[in-house]
Amino acid sequence: VTMKVGTRQVDGVTLVDCSGRITLGEGSVILRDTVRDLLGKGNKKIVLNLADVNYIDSSGIGELVSAFTTTKNQGGELKLLNLTKKVNDLLQITKLYTVFDVKDDEAAAVKSFK
Amino acid sequence: VAAVLTCELGFILIPGKFSIAMTEQRVSYTLDSSLETIDRAEEKATRIATDLGFGEDEVMQISMAVREGAVNAVLHGNAYAQDKKVTLAFEHTASELIITIRDQGSGIDLSKIPNPLAPENLLKTSGRGIFLMRSFMDVVEIRPSKTGTELKLIKHVHGATAGGEEASQ
């Protein structure tokens with residue numbers, strides 16, 4: 001398995017702990033299904049904890065964008081937490097760092113939702 | 001480079017401030033148009049770049065660029081067609097690593113590749129592969145034709161460049 005996710009609830013916010021690789025194929029599909037499932041169940045405050053994601057390819061980047069826009073279009077909010085240096089660098093060079101709300105502290109991320 | 005001495009065992013010695021010794025080698029693979037090919041291409045790139053002494057960051061850049069090239073070949077070039085193959089070749093000299101990826105698709109239209117950094121494209125879910133390759137490699141050449149696209153990725157060995165301030169480890 002290239003990627004694993006676990007979800008937990010903290011003060012009405014869903015934290016999705018991701019680990020592994022978000023790449024074309026399984027990793028992207030798991031992320032997509034997880035976010036769609038959460039939104040379908042009415043969980044619209046989502047934080048993707050990427051602390052243990054060490055690799056993302058262009059498909060994975062696209063999946064993050066898709067998760068962001070899908071959540072936003074359904075009236076929700078999706079934020080990123082604890083980026084590794086590699087993922088941070090990728091979001092910087094693709095200029096997506098300015099698009100995503102990126103946090104480096106879980107408590108602050110949870111509190112940041114309205 | 002004024003003079004290159006090739007030893008019997010295939011080592012190349014470049015006279016200059018820093019001497020680089022690398023085995024001149026070319027390996028190529030013919031691979032199916034499958035997701036597995038993309039992972040295999042990335043793995044081979046990682047191993048070869050590591051063996052050649054590239055630093056950790058450069059290895060990651062090379063492996064990512066090769067992965068993106070393989071994705072384009074399998075998905076956009078050959079469109080997963082079982083009868084079409086992807087050819088992946090690694091060649092290295094004392095001064096550079098050259099990676100060639102060929103597909104058997106109908107060729108890519110370079111004029112239709114949007115700039116992924118343009119504000120109107122930032123939220124698109126695809127179209128960043130070539131941009132990432134250009135970000136990570138020193139040279140990216142794309143040669144489309146009606147019988148397929150050839151992609152050439154080149155990474156310089158820092159120690160072999162003029163002045164040689166950054167000797168390869």
Side-chain angles (χ1 to χ4, degrees), chain A residues 1-3 20-36 39 48 50 53-74 76-80 83-102, chain B residues 32-43 45-46 55-80 86 101 113-137 140 151 153:
Chain A
V1 177
T2 57
M3 182 182 161
R21 296 158 54 98
I22 307 176
T23 55
L24 179 72
E26 196 177 21
S28 292
V29 171
I30 289 172
L31 177 60
R32 187 183 318 155
D33 290 348
T34 300
V35 172
R36 281 184 183 170
L39 292 171
L48 298 183
L50 303 181
V53 172
N54 47 35
Y55 197 102
I56 292 186
D57 66 4
S58 66
S59 299
I61 294 171
E63 209 55 56
L64 288 181
V65 172
S66 176
F68 174 81
T69 54
T70 302
T71 305
K72 196 174 181 182
N73 289 342
Q74 295 193 24
E77 226 178 329
L78 181 140
K79 305 186 182 199
L80 305 182
L83 304 186
T84 58
K85 182 179 181 304
K86 286 178 185 174
V87 175
N88 182 75
D89 289 349
L90 273 177
L91 293 189
Q92 294 279 4
I93 63 172
T94 53
K95 289 193 175 178
L96 287 170
Y97 202 86
T98 57
V99 171
F100 288 106
D101 189 356
V102 180
Chain B
D32 292 333
S33 301
S34 65
L35 281 178
E36 187 188 359
T37 283
I38 295 165
D39 291 335
R40 285 187 66 193
E42 180 196 333
E43 288 164 11
T46 300
E56 186 183 344
D57 286 347
E58 287 179 317
V59 170
M60 199 275 292
Q61 292 173 341
I62 292 165
S63 68
M64 273 204 77
V66 169
R67 182 179 181 86
E68 297 298 338
V71 166
N72 283 352
V74 170
L75 266 73
H76 306 302
N78 291 351
Y80 291 114
V86 175
I101 301 173
I113 298 173
N115 172 14
L117 301 186
E120 65 272 21
N121 295 328
L122 272 187
L123 288 179
K124 287 192 173 173
T125 56
S126 61
R128 296 181 177 86
I130 291 174
F131 168 78
L132 290 178
M133 286 187 261
R134 293 194 195 283
S135 299
F136 293 150
M137 302 299 284
V140 176
L151 168 71
L153 305 168

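A note on names: the letters A, B, ... follow the listed sequences, proteins ahead of strands, and every chain is numbered from 1.
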Does any heavy atom of chain A fall under 4.5 Å from the side chain of Arg67(B), the backbone, both, or neither of them?
side chain

Part of Leu122(B) lying under 4.5 Å from any heavy atom of chain A
both

For Glu36(B), does the CD atom sit with more than 12 other heavy atoms under 6.0 Å from it, leaving out its own atoms?
no

Neighbour count above 12 (heavy atom, 6.0 Å) for Glu56(B) CD:
no

Answer key: most heavy-atom pairs under 4.5 Å with chain B among Gly62(A), Ser66(A), Ser59(A) is Gly62(A)

Nearest heavy-atom contact between Val66(B) and Ala41(B) is CG1-O, 3.5 Å

What part of Ile38(B) gets within 4.5 angstrom of chain A, counting heavy atoms only: side chain, backbone, both, or neither?
side chain

Among Thr69(A), Val99(A), Thr94(A), the residue with the most heavy-atom pairs under 4.5 Å to chain B is Thr94(A)

Would you check if Tyr55(A) and Met64(B) make a side-chain contact, meaning some heavy-atom pair closer than 4.5 Å?
yes

So, applying side-chain contact (heavy atoms from CB on, under 4.5 Å) with Leu50(A), which one of Val102(A), Leu83(A), Leu91(A) is it?
Leu83(A)

Exactly one candidate in Phe100(A), Phe68(A), Tyr97(A) meets side-chain contact (heavy atoms from CB on, under 4.5 Å) with Leu80(A); the answer is Phe100(A)

Bottom line for Leu64(A): the part with an atom under 4.5 Å from chain B's heavy atoms is neither

Of the listed Leu96(A), Leu90(A), Ile93(A), the one with the largest count of heavy-atom pairs under 4.5 Å with chain B is Ile93(A)

Considering only heavy atoms, which portion of Leu35(B) lies under 4.5 Å from any heavy atom of chain A: side chain, backbone, both, or neither?
side chain

